[in-house]
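Bear in mind the structure is a predicted one, so any value in this text is a computation, not a measurement.
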Amino acid sequence: MRVMPCALLLVASPFALMGQQPHDTTVLKPVVVTATRVPIPLDAVPHAITVLSGDALRDQGIRTVAEALRTVPGANVVAADSYGSVTSVFVRGGESDHVKVLIDGVPQTGPSGPGGAYDFANLTTDNIERIEIVRGPVSTLYGSDAVTGVVQIFTRVGRGATHGLVGLEGGTYGSSGVSGWVGGGTERAAYSLAVSSFSSDGVYPFNNHYRDRVLTGCTRFRPDERTDATLSFRYGDAMYHFPTDGAGDTVSNNQHQLERGPSVGIDLGRALSDRVEGRMTATWQRSNYQYAIAPNGPSDTTTFPYSSSDWVTRAGLDGRTNTRVMGQGVVTLGAAFDREEMEGTTLDAARSRNDGALYGQLVTAPERRLNATLGVRLDDNERFGRYATYRAGASLRLDARTRVIASLGTAFKEPTFYQNFATGFVHGNPDLRPEHAVSWETGLERTFDGGTVTTRATYFDQHFRDLIDYNGADTAVNYFNVPGSLARGVEVTGTAEIGGSVHIALGYTFLHTAVTRAGTGTGPTALFVPGEPLIRRPEHSGSLATACRLPMRSGVSLTALYTGEREDLDFATFTRATLPPYTRIDVAAHSDVRLPEGAAPGLTLTLRVENLLDHAYQEIKNFPARRRNVFLGGELRFGTP
């Protein structure tokens with residue numbers, strides 16, 4: 001009888017598409033840290049946050065963080081076409097470089113240096129314990145870039161006896177992958193190590209190969225009851241070949257880009273007394289970005305030789321104390337220092353900048369009927385000077401099942417090294433100011449049926465100013481602080497548990513964006529035209545997800561994603577275009593055919609189908625999205641935790 005609700009839901013799901021993005025088969029309830037940098041129950045946080053479980057994502061066959069984020073309220077993922085193509089995330093209508101990405105506390109940079117838009121194409125779900133996504137401004141804790149949200153990935157560590165797995169998969173577009181994981185540990189020490197390699201021939205008939213290799217690891221130590229230490233690292237090496245120009249025409253046999261480099265983080269904590277804890281986080285990340293095009297053959301008649309190579313390095317140190325006050329309330333006082341460097345062929349010379357910051361935060365006791373957060377920060381950057389940000393939020397429980405939240409905050413994003421100091425075809429502007437934003441939100445959350453059903457509605461309003469715009473005219477500089485914009489909307493979400501074996505998540509997001517101050521461009525492909533919406537942000541979007549646990553240690557899930565009309569630029573005709581709405585349906589299943597027993601490994605079989613109905617659509621004008629993708633895989637599991 002447990003299978004029947006699953007079957008009914010999976011049949012009904014494709015026809016109930018006007019829900020929104022939380023694929024909350026992956027939502028965890030207990031405790032989060034990204035929103036406040038101290039552990040706090042999820043149902044007490046006065047800010048919008050979604051938590052995705054790494055295990056649940058792997059059960060659904062979701063390979064990249066970008067695919068996981070498609071189900072998050074207010075997040076819009078835009079990819080060009082093939083695996084490896086540039087993938088952007090817009091949160092609540094902000095720019096794609098308004099989202100800060102962290103891996104175990106280590107900031108990740110974009111190809112144009114700190115402050116650049118992060119390309120999610122190569123960020124995999126390997127070795128992920130969970131992903132925490134905070135929506136809204138969080139510059140008070142994380143400084144620049146955390147304008148409309150923060151995406152933080154936490155690496156998992158093993159528990160119990162050493163155990164591991166080896167996985168293989170293959171699918172459409174000549175895609176194949178191999179992965180391995182091993183981990184184990186005790187309360188005193190634990191570790192995990194993962195490696196993966198994925199490749200695909202791509203959607204175009206030539207020059208569209210992609211490969212992505214990732215090595216990740218994490219070790220945690222607790223030498224005594226008052227001390228803990230975590231060391232995490234990640235190394236990625238991805239190469240993507242693409243034949244297309246800016247208009248989507250296939251013109252090049254040899255155009256490609258490469259991204260590679262390590263990321264390391266160390267987090268140390270010590271209980272100084274029963275009420276005071278000290279923590280220190282040290283981070284280091286270094287990335288090499290290469291781009292090359294070398295004409296070869298008759299199809300390269302419209303291209304010309306060009307290559308670039310840049311190295312970006314970012315090192316940081318953050319020290320803070322957390323002091324318990326007023327019962328379970330926490331006061332955090334901290335100082336942070338960042339050094340950013342970039343050298344390569346796209347800049348006029350090697351460049352660097354230092355940033356120091358002082359910050360403080362109060363988090364009141366979460367078990368109270370009324371709890372709140374209040375934070376302030378002062379950054380002092382050697383390039384643009386001092387900038388202060390603040391954030392305040394409150395959560396009020398009207399009764400045991402109803403909660404009202406409200407928050408207000410500011411944020412900023414510093415210019416990239418490229419925007420400041422580009423040379424060659426583009427001339428940087430060293431006098432650029434940071435982009436600024438002010439945002440507020442309010443929401444109502446209610447549970448039903450003993451907590452098995454949860455609904456939430458949130459209204460948000462954001463205003464951006466001093467946005468950095470590119471002007472392609474032959475002038476002394478090509479970047480200017482001119483445009484302004486706004487983004488406001490409503491997120492409505494709901495989750496339900498049925499019979500302990502079925503989970504449903506649905507919702508709807510309405511988003512209104514508009515340019516409030518013109519940019520430097522005036523032509524038909526100008527990005528910032530007063531009164532016009534921001535490109536690639538749909539006014540309506542939604543999802544409905546179902547997941548079922550089946551007998552015989554099996555499970556199945558189905559997700560329907562809806563994206564409404566949105567404006568884009570057509571560089572084939574140099575006009576504005578409206579992309580039509582589309583619906584994408586994905587289905588996944590897994591079955592533990594055999595459990596590990598002694599020296600004999602267990603076997604798990606997996607199936608994932610993306611774009612089940614083979615729907616033709618585009619997320620960027622003139623770049624067709626992948627059609628139906630079918631992946632079959634298997635995992636051999638060794639040992640039991």
Side-chain angles (χ1 to χ4, degrees), residues 94-102 106-118 137-148 150 283-287 289 308 310-318 334-359 376-390 410-424 426-438 464-471 475-484 519-520:
E95 300 296 314
S96 59
D97 56 4
H98 287 174
V99 180
K100 188 151 194 167
V101 180
L102 307 169
V106 183
Q108 306 297 301
T109 58
S112 54
Y118 183 77
V138 207
S139 281
T140 54
L141 294 177
Y142 300 104
S144 176
D145 310 343
V147 179
T148 60
V150 171
T283 62
W284 182 79
Q285 194 249 356
R286 181 169 170 83
S287 295
Y289 302 95
S308 66
D310 293 293
W311 285 93
V312 179
T313 305
R314 186 170 196 165
L317 189 64
D318 184 294
F337 174 80
D338 281 303
R339 179 169 176 82
E340 305 158 351
E341 300 173 348
M342 182 173 174
E343 58 182 340
T345 59
T346 64
L347 301 187
D348 56 359
R351 295 289 180 171
S352 66
R353 63 188 175 206
N354 297 324
D355 182 272
L358 298 174
Y359 62 92
V376 293
R377 182 185 180 105
L378 178 63
D379 280 85
D380 188 0
N381 187 286
E382 68 173 317
R383 295 292 180 186
F384 61 78
R386 293 174 181 164
Y387 190 74
T389 53
Y390 65 85
T410 59
F412 73 99
K413 189 198 82 67
E414 61 191 0
T416 68
F417 284 119
Y418 188 79
Q419 291 168 339
N420 279 144
F421 307 113
T423 186
V426 176
H427 304 286
N429 181 354
D431 297 323
L432 290 173
R433 302 180 303 277
E435 299 180 342
H436 309 305
V438 58
F464 310 97
R465 60 187 176 87
D466 288 334
L467 296 178
I468 297 173
D469 189 22
Y470 172 75
N471 184 347
T475 55
V477 295
N478 295 115
Y479 288 101
F480 301 89
N481 287 103
V482 178
T520 58

Rounded to the nearest 0.5 Å, how far apart are [atom1] of [X] and [atom2] of [Y]?
| X | Y | atom1 | atom2 | value |
| --- | --- | --- | --- | --- |
| Tyr390 | Thr410 | OH | OG1 | 5.5 Å |
| Lys100 | Thr148 | NZ | OG1 | 13.0 Å |
| Phe417 | Glu341 | CZ | CD | 8.0 Å |
| Leu317 | Trp284 | CG | CH2 | 15.5 Å |
| Asp97 | Gln419 | CG | CD | 7.0 Å |
| Met342 | Thr313 | CE | OG1 | 10.5 Å |

Is there a donor-acceptor pair under 3.5 Å between the side chain of Asn478 and the backbone N or O of Tyr470?
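Here the side-chain-to-backbone pair does not exist.
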Please check: side-chain N/O of Asp348 versus main-chain N/O of Thr423, any donor-acceptor pairing under 3.5 Å?
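Here the side-chain-to-backbone pair does not exist.
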List the atom of [X], the atom of [Y], and the distance in Å for their closest heavy-atom pair.
| X | Y | value |
| --- | --- | --- |
| Gly519 | Asp469 | CA-OD2, 3.4 Å |
| Asn420 | Pro415 | OD1-CB, 3.7 Å |
| Leu467 | His98 | CD2-CE1, 4.0 Å |
| Ile468 | Arg433 | CD1-O, 4.1 Å |
| Leu141 | Arg377 | O-NH1, 3.2 Å |
| Gly344 | Asp310 | CA-OD1, 3.2 Å |

Check the pair Tyr142 / Leu102 against side-chain contact (heavy atoms from CB on, under 4.5 Å), numbers first and verdict last.
CA-CA 10 Å; Tyr142 300 104; Leu102 307 169; 3.6 Å; yes
Heavy atoms, side chains only, cut-off 4.5 Å: are Arg386 and Leu378 in contact?
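A side-chain contact exists here, since the closest heavy-atom pair is under 4.5 Å.
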Anything under 30° is parallel, anything over 60° is perpendicular, the rest tilted; go ahead and classify Tyr418 against Tyr479.
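Answer is perpendicular, since the angle exceeds 60°.
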For the residue pair [Y] / [X], report whether a side-chain donor-acceptor contact shorter than 3.5 Å exists.
| X | Y | answer |
| --- | --- | --- |
| Gln285 | Thr283 | no |
| Ser352 | Arg339 | yes |
| Asp355 | Tyr387 | no |

Report the C-alpha distance between Lys413 and Glu95 in whole Å, list the side-chain angles of each, state the deciding distance to 0.1 Å, and finish with yes or no for salt bridge (Lys or Arg N to Asp or Glu O under 4.0 Å).
CA-CA 10 Å; Lys413 189 198 82 67; Glu95 300 296 314; over 6 Å; no
Show the numbers, then the answer: is there a salt bridge (Lys or Arg N to Asp or Glu O under 4.0 Å) between Glu382 and Arg353?
CA-CA 6 Å; Glu382 68 173 317; Arg353 63 188 175 206; over 6 Å; no
Go through Glu435 and Val147 one step at a time and tell me if the side-chain contact (heavy atoms from CB on, under 4.5 Å) criterion holds.
CA-CA 9 Å; Glu435 299 180 342; Val147 179; over 6 Å; no
Here's one to test your reading of the geometry: is the NZ or CZ of Arg351 within 45 degrees of the ring axis of Phe421 and under 6.0 Å from its centre?
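Yes, a cation-pi geometry holds between Arg351 and Phe421.
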Passes side-chain contact (heavy atoms from CB on, under 4.5 Å), Val438 versus His436? Steps please.
CA-CA 7 Å; Val438 58; His436 309 305; over 6 Å; no
With Tyr359 as reference, evaluate Thr140, Asp318, Thr389 under the side chain to side chain donor-acceptor pair (under 3.5 Å) test and give the passing residue.
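Of the listed options, the one satisfying the test is Asp318.
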Walk me through whether Phe412 and Asp379 qualify under side-chain contact (heavy atoms from CB on, under 4.5 Å).
CA-CA 10 Å; Phe412 73 99; Asp379 280 85; 3.7 Å; yes
